[in-house]
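Note that the structure is a prediction, hence the values are computed from the model and not measured. Just follow the structure's listing: the first ligand is 1, and inside any ligand the first atom is 1.
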Amino acid sequence: MVVYKYREKGPIFTYSMGNVVFLHVSRPDVVRDINLCVSLDLGKSSYLKATHEPLFGGGILKSNGEAWLHQRKIIAPEFFLDKVKGMVDLMVDSAQPLLKLWEERVDRNGGIIDIKIDDDIRAYSADVISRTCFGSSYIKGKEIFMKIRELQQAVSKPNVLAEMTGLRFFPSARNKQAWELQKEVRKLILEIVNESGEDRNLLSAILHSTSCSRVGIAEAENFIVDNCKSIYFAGYESTAVTAAWCLMLLGLHPEWQDRVRAEVHEVCGGRPVDSQSLQKMKNLTMVIQETLRLYPAGAFVSRQALQDLKLGGVHIPKGVNIYIPVSTIHLDPKLWGADVKEFNPERFSDVRPQLNSYLPFGAGARTCLGQGFAMAELKILISLIISKFILKLSPHYEHSPTLKLIVEPELGVDLTLTKVQCLY
Ligand code: HEM
C-alpha cells in the first residue's frame with residue numbers, strides 16, 4: 001500500500017491509520033533538516049509504543065525529551081572511538097570459536113562444507129556485546145539473547161488492538177507470551193547486575209548513574225533493565241544481520257572477495273588484527289558500506305513531531321509521525337546513478353556518502369551511537385573469515401529479505417566454504 005502510494009505520490013505524502021497520521025518523506029531537503037535538527041521537539045515515534053513496550057520499555061531506543069538526553073549522555077561515551085579501540089582484542093577473541101568450528105567442519109567433511117551461517121554469526125555478535133559491554137561471557141548472556149530474539153519475533157507484528165484502543169493489558173496469547181519473556185529477561189539482567197564485578201564497562205556506567213541519582217529502587221531497576229535490553233537488542237541483531245548480508249554478497253562477488261582477502265593479507269601480514277590495521281582496510285570498509293546501502297538493517301528512520309515543527313519548509317503539526325524510507329532513498333537512481341541496484345563498493349571509494357542520501361545508521365541527534373563499534377566488529381569478523389575461507393553462495397540459498405523490526409534473511413544465508421590454501 002505504502003509502496004503503491006510512493007509510486008503514485010512521490011517523495012512526500014501523508015496517510016493515516018485510524019487516528020494516527022504519518023508523513024512519509026524521502027525529499028532530500030526535509031531529510032537534511034531532520035539530520036540537522038537537535039531540538040528535543042523531534043522525538044522517536046510513539047506509534048507501536050504499546051506493541052514494542054516489552055522489548056524496549058523506557059530505554060534509550062524509544063524514549064524522548066530529557067529522559068532520552070540523560071540516557072544518551074551516559075551511554076554514548078562508552079562507544080567513543082578510544083573506547084572501541086580498547087575493545088578490539090576482545091572482539092578478535094570472540095571470533096575464535098566460530099573460526100575453529102568452521103575449520104573443523106571443513107576438515108571433517110573432506111575440505112568443503114555447505115552451511116547456514118546465521119546462528120554462528122549471532123553467537124559472535126552476542127559474545128562481543130556480552131564481553132565488551134557487560135563483562136559476562138556469551139554463555140551467561142546466551143539466554144538473554146535467545147529471549148530477546150523471541151521477544152523481537154513476538155512484537156514484530158503490530159498489536160492493532162493495543163495501538164487503537166490503548167488496551168495493552170488485554171491478555172491475548174501474544175501479549176501473555178511477550179510479558180512472560182519480558183519478566184524472564186528482566187530477571188536474567190538483574191542477575192548479571194548482581195554478579196557484576198569491578199570492570200569498567202557500559203554496565204558499570206549505567207549502574208553508576210543510577211547510584212548517583214535520587215530515584216527509588218523500582219525506578220532505578222527499570223532504568224537499568226530497559227537500557228541493558230536496548231543495548232542487547234540494538235547491538236546484537238543489526239550487526240549479526242549486516243555480517244550475514246555482507247558474507248552473502250562476498251559469496252556472490254568473488255572479485256571483491258579476492259580484493260578484500262589481498263588487502264587483509266597486505267595490511268596484517270600474518271599478524272593479528274588490531275585497531276590500526278582495521279583503519280587501513282579501505283576495500284573492506286567500502287564493501288560493508290555498500291552492504292548497508294543495499295540491506296540497511298533499519299528499514300525506516302522514524303520520528304514524531306512532539307511540537308509543531310517546520311522541516312524543509314514543510315509545516316508538521318504536533319503528533320504527526322514522520323517515516324523516512326531508508327531503502328527507497330538508498331535505491332534512488334537520481335541520488336546513486338543508473339547502477340543503483342548493483343553491488344558496486346567502488347561507489348564509496350573517493351567520496352564520503354552524502355548525509356541525506358545514506359542513512360544506514362539513522363539521522364541527526366538520534367543517529368546510532370554504536371556505529372564505530374559495529375564497523376570494528378564487522379571488519380574483524382569478515383577479515384578473519386575471508387583470510388581463512390573461500391566463500392561461495394550455496395545452491396541451497398534462497399533470497400528472503402523480510403522485515404521483523406529489522407530487515408533480515410528470513411531463511412538464513414547458506415554458503416559453501418573451502419579453506420584458503422596458500423596466501424600468495
Ligand atoms: C550494523 C550494525 C548497526 C546498524 C545498521 C544500526 C542502525 C541503527 C539505526 C538505524 C538506529 C536508529 C537511528 C535513528 O533513528 O536515527 C540505531 C540506533 C541505535 N543504535 Fe544502532 N545500529 C547498529 C549497531 C549498533 C551497535 C553495535 C550498538 C551498541 C552496541 C547500537 C546502539 C544503538 C543505540 C543505543 C541506538 C539508539 C540511539 C538513540 O536513540 O539515541 N547500534 N542504530
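Taking the charged nitrogens against the carboxylate oxygens, Lys116 and Asp118 have no contact shorter than 4.0 Å, which rules out a salt bridge. The pair Lys404-Glu410 counts as a salt bridge, with a side-chain nitrogen and a carboxylate oxygen less than 4.0 angstrom apart. At a threshold of 4.0 Å, the pair Glu191-Arg186 does not count as salt-bridged, since none of the basic side-chain nitrogens sits closer than that to a carboxylate oxygen. Here Lys85 does not pair with Asp274 in a salt bridge; the nearest charged N to carboxylate O distance is not below 4.0 Å. Here Arg149 pairs with Glu408 in a salt bridge; the nearest charged N to carboxylate O distance falls below 4.0 Å. Contact check on Glu180 versus Lys183 returns a salt bridge, with a Lys/Arg side-chain nitrogen under 4.0 Å from an Asp/Glu carboxylate oxygen.
Note that CG of Leu292 and CD of Gln371 are 10.0 Å apart. Values are rounded to the nearest 0.5 Å. The NZ atom of Lys62 sits 13.0 Å away from atom CG of Asp226, with the distance rounded to the nearest 0.5 Å.
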Please tabulate, for the side chains in residues 311-327, all donor-acceptor contacts under 3.5 angstrom to protein atoms that are two or more places apart in sequence or on a different chain.
residue	atom	partner	partner atom	Å
Asn321	OD1	Ser45	OG	2.5
Asn321	ND2	Val21	O	3.3

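For Glu377 (side chain) and Met91 (main-chain N/O), no donor-acceptor pair under 3.5 Å exists by modelled atom type. A donor-acceptor contact shorter than 3.5 Å links the side chain of Gln257 to the backbone of Leu391. In this structure a side-chain-to-backbone donor-acceptor pair under 3.5 Å is present from His330 to Leu359.
Listed by number with element, the atoms of ligand 1 under 4.0 angstrom from any heavy atom of Trp68 are 39 (C), 40 (O), 41 (O). Per-residue contacts place Phe373 under 4.0 angstrom from the following atoms of ligand 1 (heavy atoms of the residue considered): 27 (C). Each of the following atoms of ligand 1 lies closer than 4.0 Å to a heavy atom of Phe79: 29 (C), 30 (C).
Ligand 1 has at least one atom lying under 4.0 Å from a heavy atom of Ile129. Distances shorter than 4.0 angstrom do not occur between any heavy atom of Lys62 and any atom of ligand 1.
Residue Lys44 touches ligand 1 through its side chain alone, judged by heavy-atom distances below 4.0 Å.
Of the protein's non-hydrogen atoms, the one nearest atom 15 (O) of ligand 1 is Arg303 NH1, 2.9 Å. Scanning the protein for heavy atoms near atom 36 (C) of ligand 1, the closest one is Leu61 CD2, 3.5 Å. Looking only at heavy atoms of the protein, atom 1 (C) of ligand 1 is closest to Thr242 OG1, 3.4 Å. Arg366 NE, 2.8 Å is the protein heavy atom nearest to atom 40 (O) of ligand 1.
By the criterion of a separation under 2.8 Å, the protein N/O/S atoms near atom 21 (Fe) of ligand 1 amount to Cys368 SG.
Considering each of Glu377, Arg72, Met375, the one bringing a non-hydrogen atom nearest atom 39 (C) of ligand 1 is Arg72. Between the choices Gly364, Pro360, Gly372, the shortest heavy-atom distance to atom 7 (C) of ligand 1 belongs to Pro360.
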